[in-house]
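Quantities reported herein were computed from a predicted structural model and do not represent experimental measurements.
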Amino acid sequence: MQQLNDAQKRAVDTTEGPLLIIAGAGSGKTKVITHRILNLIRKGVSPSSILAITFTNKAASEMRSRLETLLEEDKAINRPISINSAPFVSTFHALGVHIIRENARLIGLTRHFTIFDRGDSKRAVKEALEQCSLDPKMHDPSTILNKISHAKGEGQNRLEYFDRANNSTSAGFKEELIAQVWEKYEIILQKEGALDFDDLLLKTSELLEKYPEVRKLYQNRWKYIHIDEYQDTNRVQYKIAKSLVGGGESGGENLNRNICVVGDVDQNIYSWRGATIENILNFEKDYPEATVITLEQNYRSTKNILAAANSVIEKNRMRREKTLFTDNAHGEKISLLVSYSENEEARVIADTARDLISKGTSAREIAVLYRTNFQSRVLEEAFIKKQIPYQLVGVRFFERKEVKDVISYIRAALNRDSWGDITRIINVPVRGIGKVSLMKIIESKEKATEPEGGLPLAMREKVKNFWKLLDDIKNEIAEKRPSEGVKFVIQETGIERLYRDGVGEDEERLLNVRELVTVAAQYDHLWVADAKSGDKKNGDVEKDSAEISPGIEAFLANAALATDQDDLNKNEEAVKLMTVHAAKGLEFEYVFIAGMEQDLFPFKHGDDAEIDEAGEEEERRLFYVAITRAKKKLYLSHAIIRTVYGAQRIAAPSEFIMDIEKELIEEQAPAKPSGAKAIFIDF
């Protein structure tokens with residue numbers, strides 16, 4: 001407690017009843033949550049009665065690691081905290097996977113259901129469109145998938161959406177079309193024994209709502225609930241939290257409604273994916289007895305950076321009043337870099353970053369943030385030309401073809417109905433099983449006829465060997481550590497040999513699949529714990545008869561739920577390039593915010609679109625998040641001319657720059673353009 005300020009101490013020591021912690025950027029919220037959990041355990045609360053939910057695998061991993069250290073070092077706790085009695089720390093989606101696996105039979109699944117990633121879902125929606133006799137080129141599968149995803153985030157299932165589409169007087173053809181495609185999409189999911197990313201939350205909410213015995217089981221298991229980044233919860237996450245808290249109308253033993261939520265209205269930046277700012281604004285309406293504590297002391301940034309952040313965000317009306325302060329030094333002024341074009345802007349940023357590195361700054365402590373992904377191209381080119389090491393955040397490791405192939409082998413071995421995975425890997429490496437043969441195999445499996453679709457004898461032998469390979473993989477991952485199981489897949493399937501004997505990019509692909517073994521090794525301790533316990537139950541719910549290590553289950557779940565940040569190697573000596581959205585929760589000594597131009601940041605969707613007040617406030621919150629990533633120095637950059645859709649346009653400086661007091665900014669005059677002698681503007 002001596003390490004905490006007064007507000008943090010109050011938050012840590014308030015252990016009973018609803019608690020809302022308004023945590024400003026850099027105010028030590030993870031420290032508060034972990035110390036609060038430690039305090040609960042010191043007061044005699046069983047660690048297994050504590051649940052902590054956050055939003056990314058990386059954040060959950062960091063929180064889990066900090067907790068383990070605190071529990072190991074605290075001398076007041078004289079009993080060992082085993083993996084089976086530790087607090088349950090996870091993301092919302094990982095929590096959903098956990099609950100669904102323990103109750104899979106209630107919704108017609110097995111523990112080893114497949115989790116569709118974005119690529120799987122797009123493939124299935126495209127197939128659903130074709131089944132509805134609709135052309136995927138005319139009806140974009142990504143757009144339809146986004147509509148389905150949004151509806152699920154609002155807590156709507158297919159039938160509810162279908163009823164609304166049929167009964168609403170305002171519903172047009174598009175909603176009816178989406179409802180039809182959704183029906184076929186759902187059938188594909190059921191046929192493959194799969195759930196998509198949004199189902200992990202929707203099905204969990206439905207389980208807790210539909211089955212009182214399931215709801216009370218988890219209410220009684222987790223008596224103290226913590227939710228981080230509460231401002232980013234959507235409707236279905238809100239419903240899950242309400243169901244788990246219990247007490248009041250929902251019953252259960254958590255009569256004191258021990259829920260602690262931590263968040264910051266000023267950092268709500270995900271409305272486009274369903275986040276509802278009202279959840280945190282209305283917390284005191286949901287829990288009138290709640291205690292509210294505000295953390296305003298910032299430990300990250302200089303006084304000048306915080307002054308800029310405060311002056312920007314205070315213009316928003318939809319917020320809770322607070323002002324960040326710090327005991328840190330005033331620090332340097334904010335540099336405003338002005339360039340003639342986006343290419344010059346990228347060059348100036350790269351030159352400045354190189355200068356910082358030459359003066360002793362670690363490259364990993366420099367980040368270049370931008371509003372939209374298309375801005376990364378010229379920045380990458382500049383960093384390559386200047387030979388500055390950089391890491392582009394957003395190219396996900398688990399989305400690489402060779403990595404997905406290995407994972408598909410494991411998923412198909414555990415779930416023989418996962419035809420998307422089987423189709424993907426049945427000819428990787430090439431086995432001579434063509435599309436016609438594959439269709440006959442699928443047809444024969446669906447009709448339960450033997451042998452596979454009346455295939456020729458030689459083809460039947462190839463298919464038989466493929467099924468045996470999947471059996472071997474299933475046996476191996478059941479008996480061995482996750483890392484050993486993944487290594488077996490790479491070797492026995494022939495993938496290692498395929499890339500080892502290949503040319504060009506095959507060497508990198510081989511390194512990627514071998515890196516997957518290293519990733520799987522992170523879950524080996526779960527296999528050891530499970531093997532030692534010999535327990536065939538997980539909590540209070542019986543497992544399937546085919547026992548699979550929780551290590552391989554966790555490996556597959558985290559692979560499916562990985563985000564951009566999970567691929568970020570913070571220790572790699574490279575400048576980080578990423579969108580502001582991807583930078584949420586991170587911090588760097590030196591931060592560049594590129595493209596500070598009107599209609600780019602704040603971003604305007606379409607030439608004729610207008611940004612409404614809610615949209616402008618979210619854009620301002622996004623800028624506030626970008627500013628507060630910086631610890632020592634902040635650079636704002638904009639171009640006078642920017643090429644958009646092949647046409648050069650004069651770009652006005654962002655209005656957000658004007659929100660910052662002039663005395664906090666030092667402007668650098670535009671550098672002389674390099675290369676072109678003249679710039680022609682077509683008015």
Side-chain angles (χ1 to χ4, degrees), residues 20 22-27 229-232 263-272 275-283 292 294-298 300-326 330-331 333-338 369-372 579-581 583-585 591-605 609-630 634-638 651-667:
L20 169 60
I22 303 297
S27 61
E229 306 285 9
Y230 194 66
Q231 79 280 348
D232 291 332
D264 181 8
V265 174
D266 294 336
Q267 297 187 69
N268 171 262
I269 59 173
Y270 294 115
S271 67
W272 50 274
T276 306
I277 197 171
E278 286 78 10
N279 289 349
I280 191 168
L281 291 174
N282 295 335
F283 185 81
V292 181
T294 303
L295 307 181
E296 296 178 288
Q297 184 169 0
N298 176 284
R300 176 188 299 157
S301 307
T302 65
K303 284 184 171 68
N304 282 337
I305 291 171
L306 285 191
N310 286 329
S311 62
V312 165
I313 202 62
E314 68 184 11
K315 291 200 169 186
N316 273 8
R317 295 196 300 172
M318 192 178 293
R319 65 188 296 260
R320 300 181 72 112
E321 192 65 34
K322 75 173 186 308
T323 302
L324 294 182
F325 69 92
T326 185
H330 281 280
K333 286 188 176 184
I334 297 164
S335 290
L336 179 60
L337 310 178
V338 183
L369 311 183
Y370 37 85
R371 177 59 181 86
T372 59
T579 65
V580 181
H581 284 100
K584 174 80 180 297
V591 171
F592 296 83
I593 307 177
M596 289 300 304
E597 297 142 29
Q598 201 64 16
D599 298 341
L600 182 55
F601 202 177
F603 185 71
K604 185 172 78 170
H605 297 269
E610 291 295 330
I611 305 176
D612 59 17
E613 184 180 6
E616 184 168 344
E617 289 210 353
E618 178 149 346
E619 288 293 308
R620 189 174 285 110
R621 291 194 295 269
L622 190 60
F623 184 44
Y624 172 82
V625 166
I627 291 173
T628 54
R629 298 312 94 197
L634 177 67
Y635 298 85
L636 304 180
S637 173
H638 74 85
S654 170
E655 64 186 83
F656 293 159
I657 298 175
M658 314 305 169
D659 291 340
I660 302 173
E661 287 87 348
K662 289 184 179 179
E663 58 268 22
L664 296 175
I665 296 178
E666 56 180 6
E667 182 173 349

Side-chain ion pair, Arg620 and Glu617, N-O less than 4.0 Å: no
Any donor-acceptor N/O pair, Gln231 side chain to Val265 backbone, under 3.5 Å: no
Electrostatic pair Lys584:Glu229 at N-O distance under 4.0 angstrom: yes
Atom pair CG/CG of Leu336 and Leu636 - distance to nearest 0.5 Å: 6.0 Å
Partner set under salt bridge (Lys or Arg N to Asp or Glu O under 4.0 Å) for Glu663, not counting sequence neighbours: none
Partner residues of Tyr370 under the ring pair (Phe, Tyr, Trp, His ring centres under 6.0 Å) criterion, sequence neighbours left out: none
Where Asn279 and Tyr230 come nearest, the two heavy atoms and their spacing: O-CE2, 3.3 Å
Contacts of Arg629 that satisfy salt bridge (Lys or Arg N to Asp or Glu O under 4.0 Å) - sequence neighbours left out: none
Point-to-point distance, once rounded to the nearest 0.5 Å, from CD of Glu618 to CG of Asn316: 10.0 Å
Value rounded to 0.5 Å, distance of CD in Glu597 from CZ in Phe603: 12.0 Å
Shortest non-hydrogen contact from Met596 toward Phe656: CE-CB, 4.2 Å
Listed partners of Tyr624 passing ring pair (Phe, Tyr, Trp, His ring centres under 6.0 Å), at least two apart: none
Derivation and outcome, side-chain contact (heavy atoms from CB on, under 4.5 Å), residues Leu295 and Ile22: CA-CA 6 Å; Leu295 307 181; Ile22 303 297; over 6 Å; no
Partners meeting side-chain contact (heavy atoms from CB on, under 4.5 Å) with Ala275 (sequence neighbours left out): Asn268, Tyr270
Where Leu369 and Ala583 come nearest, the two heavy atoms and their spacing: CD2-CB, 3.7 Å
side-chain contact (heavy atoms from CB on, under 4.5 Å) partners for Asp599, two or more places apart: Lys604
Reference residue Val312; test side chain to side chain contact (heavy atoms under 4.5 Å, CB included); the match among Asp266, Thr628, Ile657, Asp659: Asp659
For Val580 against Leu622, the heavy-atom pair lying closest together: CG1-O, 3.4 Å
Counterpart residues, side-chain hydrogen bond (donor to acceptor under 3.5 Å, both in side chains), relative to Asp264 (two or more places apart): Gln267, Lys322
Parallel, tilted or perpendicular: ring planes of His581 versus Trp272, cut at 30 and 60 degrees: perpendicular
Non-neighbouring partners of Lys303 that pass salt bridge (Lys or Arg N to Asp or Glu O under 4.0 Å), sequence neighbours left out: none
Qualifying residues under salt bridge (Lys or Arg N to Asp or Glu O under 4.0 Å), relative to Arg300, sequence neighbours excluded: Glu587
Distance, nearest 0.5 Å, that separates CD of Glu619 from CG of Leu600: 9.5 Å
Residue pair Ile593 / Phe601: nearest heavy atoms and the distance that separates them: CG2-CE1, 4.1 Å
Glu666: side-chain contact (heavy atoms from CB on, under 4.5 Å) partners, not counting sequence neighbours: Lys333, Ser335, Lys633
Any residue meeting side-chain contact (heavy atoms from CB on, under 4.5 Å) with Gln598, in chain and number order, not counting sequence neighbours: Pro602, Ala652, Ser654, Glu655
Phe283 side, atom CZ; Arg320 side, atom CZ - distance, nearest 0.5 Å: 10.0 Å
Test salt bridge (Lys or Arg N to Asp or Glu O under 4.0 Å) applied to Glu314 and Arg319, step by step: CA-CA 9 Å; Glu314 68 184 11; Arg319 65 188 296 260; over 6 Å; no
With Asn310 via side-chain hydrogen bond (donor to acceptor under 3.5 Å, both in side chains) - residues at least two apart: none
Side chains of Ser27 and Asn298 in contact at under 4.5 Å (non-hydrogen atoms): no
Considering all heavy atoms, the nearest Asn304-Leu664 contact: OD1-CD2, 3.5 Å
CG on Leu306 to OG on Ser311, rounded to 0.5 Å: 10.5 Å
